[in-house]
A.B. asks: 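Following this message is one structure expressed as structure tokens.
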Amino acid sequence: MQRTLVKDALNAAGPSDAILLQGWVRTRRDAKALSFIELNDGSCLKGMQVIVDATLPDYPHVAQAHTGASIEVVGRLVESKGQGQKWEVVATTFKVIGEADATYPLQKKGHTLEFLREIAHLRPRSNLFGAVFRVRSRLAYAIHQFFQERGFHYVHAPIITASDAEGAGEMFRVTTLDLENPPRGEDKRVDATQDFFAKKTFLTVSGQLEAEIFACALSNVYTFGPTFRAENSNTSRHAAEFWMIEPEVAFCDLFGDMDLAEAFVKYLIRDVREHCAADLEFFSKFVDKELLTRLDFVLEKPFVRCSYTEAVEILEKSGKVWEHPVSWGANLQAEHERYLTEEHFKCPVTVYNYPRAIKAFYMRQTDGCAEGRETVAAMDLLVPGIGEIIGGSQREERLDKLRAGMALHHLDEKAYWWYLDLRRYGTVPHAGFGLGFERMLMFVTGVGNIRDVIPFARTPGTAEF
Ligand code: 4AD
Ligand code: MG
């Protein structure tokens with residue numbers, strides 16, 4: 001007999017004489033002549049109510065079906081007389097597959113997110129995390145769908161790389177560990193013999209530079225993979241390992257890039273609104289009451305576009321006392337991003353044309369800037385509640401200007417010879433951006449901490465699994 005998922009059983013068009021359900025016990029309530037079990041299999045938020053009659057030969061097994069136990073039920077799908085569900089299952093056979101005793105940590109009561117983080121191996125069985133990870137899966141699917149529908153090709157960028165894509169030096173180094181001769185004594189520094197490729201290599205911070213290689217061949221490409229940052233930021237929106245989506249488009253400028261980013265974000269919101277409706281309602285009930293209104297609002301209006309210079313003026317005129325002072329040339333901090341999106345514009349904002357000195361070496365220099373006010377064609381998409389979810393730019397396609405940018409950032413040209421080659425042979429204007437997958441998930445679920453939207457958080461101090 002084929003297994004039916006709870007999701008399909010709950011949406012059944014009509015009753016059925018025999019269906020097979022397999023899953024885990026959420027709750028059990030024993031009445032005089034029957035027991036009610038909520039069986040959850042992770043296919044959707046809701047569980048199926050299973051009724052086991054005391055006259056059933058398998059009834060004695062019900063006593064072993066504690067919260068957390070895995071069970072298998074064959075039964076009749078019938079219309080429910082109770083409130084809250086259309087269908088229920090009246091068991092004809094009932095089996096406990098794997099018991100769970102009273103030490104099972106996910107008993108039916110409220111648990112703190114901090115506690116659930118400590119049991120990352122069990123938290124996907126809770127309502128909240130089941131919902132988060134279903135939405136995560138759907139979002140990944142929608143991302144591929146968005147790009148594939150538009151003729152973009154999926155490129156797999158390397159995880160181990162020799163180049164620092166952001167030039168920010170926030171990389172994890174890859175070395176071999178000689179277990180026969182572990183480093184001894186005080187000095188445990190890595191030496192050159194431990195470099196696996198006889199060359200310093202690192203975990204990638206971004207697949208952008210490799211995506212540029214492919215955009216300069218296949219025109220429209222995207223990467224979607226794990227990226228790593230050795231920034232020791234202990235905030236609710238930074239992780240050492242996170243996933244990034246990076247489209248790269250040949251023959252595209254900064255404004256085309258912003259259009260793509262806006263269409264992309266709206267597409268993803270629309271998709272999860274439609275395909276994860278029950279999970280999103282759960283979030284709006286238990287996590288963030290404003291969630292659905294905010295998402296619908298974001299879909300309605302064009303995002304505001306505001307140059308960095310205008311943003312600085314707005315912040316200066318705000319009358320606010322900032323923790324980090326605002327002045328032309330300084331990076332925007334979380335408090336500034338939040339003010340722009342939450343208080344001033346009250347909607348997503350794309351800030352563009354940032355000062356050259358605070359942005360990466362590969363960004364295209366804006367022509368005709370006043371002295372001391374040099375900018376690059378960078379753009380960040382800021383959203384209420386989170387701040388930056390996208391960082392992107394038009395790339396510097398002119399060889400001489402790129403070299404000047406590298407010199408400004410003290411980068412060694414030799415290490416980027418292949419990147420310079422892209423400008424030597426058939427260079428084209430091109431642009432792209434990176435969307436932080438977890439930040440997008442925080443935005444669509446209302447979950448406030450990045451540790452709670454990633455299956456296994458890699459933030460300073462959490463690497464149990
Ligand atoms: O702004 P970032 O650093 O841009 C890049 O990496 C470019 N190479 C992207 C490109 O143009 N192809 O990072 C892009 C996005 C950020 O806007 C943010 O959403 C996310 O990646 N991000 C992080 N997410 C979680 N934890 C971190 N430590 C993150 N750092 C960046
Ligand atoms: Mg950024």
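For ligands, and for the atoms within them, numbers begin at 1 and follow the listed sequence. Starting from 1, each residue takes its place in the sequence as its number.
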A.B. asks: Answer yes or no: does an N/O atom from G436 fall short of 3.5 Å to an N/O atom of ligand 1?
C.D. replies: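 By distance alone, the answer is yes.
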
A.B. asks: I'd like the name of whichever of M363, E248, E438, R229 reaches closest to atom 13 (O) of ligand 1 through any heavy atom.
C.D. replies: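 Looking at heavy atoms only, the winner is R229.
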
A.B. asks: Is E310 reaching over with its side chain to a backbone N or O of S307, donor-acceptor style, under 3.5 angstrom?
C.D. replies: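 Yes.
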
A.B. asks: With nothing but distance in play, are any N or O atoms of M244 less than 3.5 Å from an N or O of ligand 1?
C.D. replies: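 Min N/O separation from ligand 1 is not below 3.5 Å for M244.
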
A.B. asks: On the ring face of F242, is R439 found with NZ or CZ under 6.0 Å from the centre and within 45° of the axis?
C.D. replies: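 Negative - R439 is either too far from the ring of F242 or too far off its axis.
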
A.B. asks: Where's the contact between Y222 and ligand 1, heavy-atom distance under 4.0 Å: side chain, backbone, both or neither?
C.D. replies: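 Contact part for Y222 vs ligand 1: neither.
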
A.B. asks: For ligand 1, indicate whether the residue I450 contacts it via side chain, backbone, both or neither (heavy-atom separation under 4.0 Å).
C.D. replies: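 The answer is the side chain of I450.
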
A.B. asks: Charged N to carboxylate O under 4.0 angstrom, D380 versus K359?
C.D. replies: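 Salt bridge: yes.
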
A.B. asks: Touching ligand 1 at all, M442? Heavy atoms, strictly under 4.0 Å?
C.D. replies: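 For ligand 1, residue contact (heavy atoms, under 4.0 Å) with M442 is absent.
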
A.B. asks: Compute the shortest N/O to N/O distance between S393 and ligand 1 and return yes if it is under 3.5 Å, no if not.
C.D. replies: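 The answer is no, given that S393 and ligand 1 share no N or O pair closer than 3.5 Å.
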
A.B. asks: Tell me whether D380 has at least one N, O or S atom under 2.8 Å from the Mg ion (ligand 2).
C.D. replies: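 Checking D380: none of its N, O or S atoms is under 2.8 Å.
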
A.B. asks: Taking the six-membered ring of Y419 as reference, does the NZ or CZ atom of R423 fall below 6.0 Å from its centre and within a 45° cone about the axis?
C.D. replies: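 That pair qualifies as a cation-pi contact.
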
A.B. asks: Hey, is ligand 1 close enough to V205 that some N/O pair sits below 3.5 Å?
C.D. replies: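 It does not: no N or O of V205 is found under 3.5 Å from an N or O of ligand 1.
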
A.B. asks: Thinking salt bridges, do K346 and E342 make one under a 4.0 Å N-O criterion?
C.D. replies: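 Judged by the 4.0 Å cut-off on N to carboxylate O distance, K346 and E342 do not form a salt bridge.
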
A.B. asks: For N/O/S atoms only: which one belongs to E388 and is nearest the Mg ion (ligand 2)?
C.D. replies: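 It is OE2 of E388.
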
A.B. asks: Should the pair D41-K7 be classified as a salt bridge under the 4.0 Å nitrogen-to-oxygen rule?
C.D. replies: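 K7 and D41: not salt-bridged.
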
A.B. asks: Under 30°, 30 to 60°, or over 60°: which ring-plane class applies to F228 and F172, parallel, tilted or perpendicular?
C.D. replies: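 Plane angle over 60°, so perpendicular.
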
A.B. asks: Does ligand 1 have a heavy atom under 4.0 Å from the side chain of F242, from its backbone, from both, or from neither?
C.D. replies: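 Within the 4.0 Å criterion, F242 contacts ligand 1 through side-chain atoms alone.
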
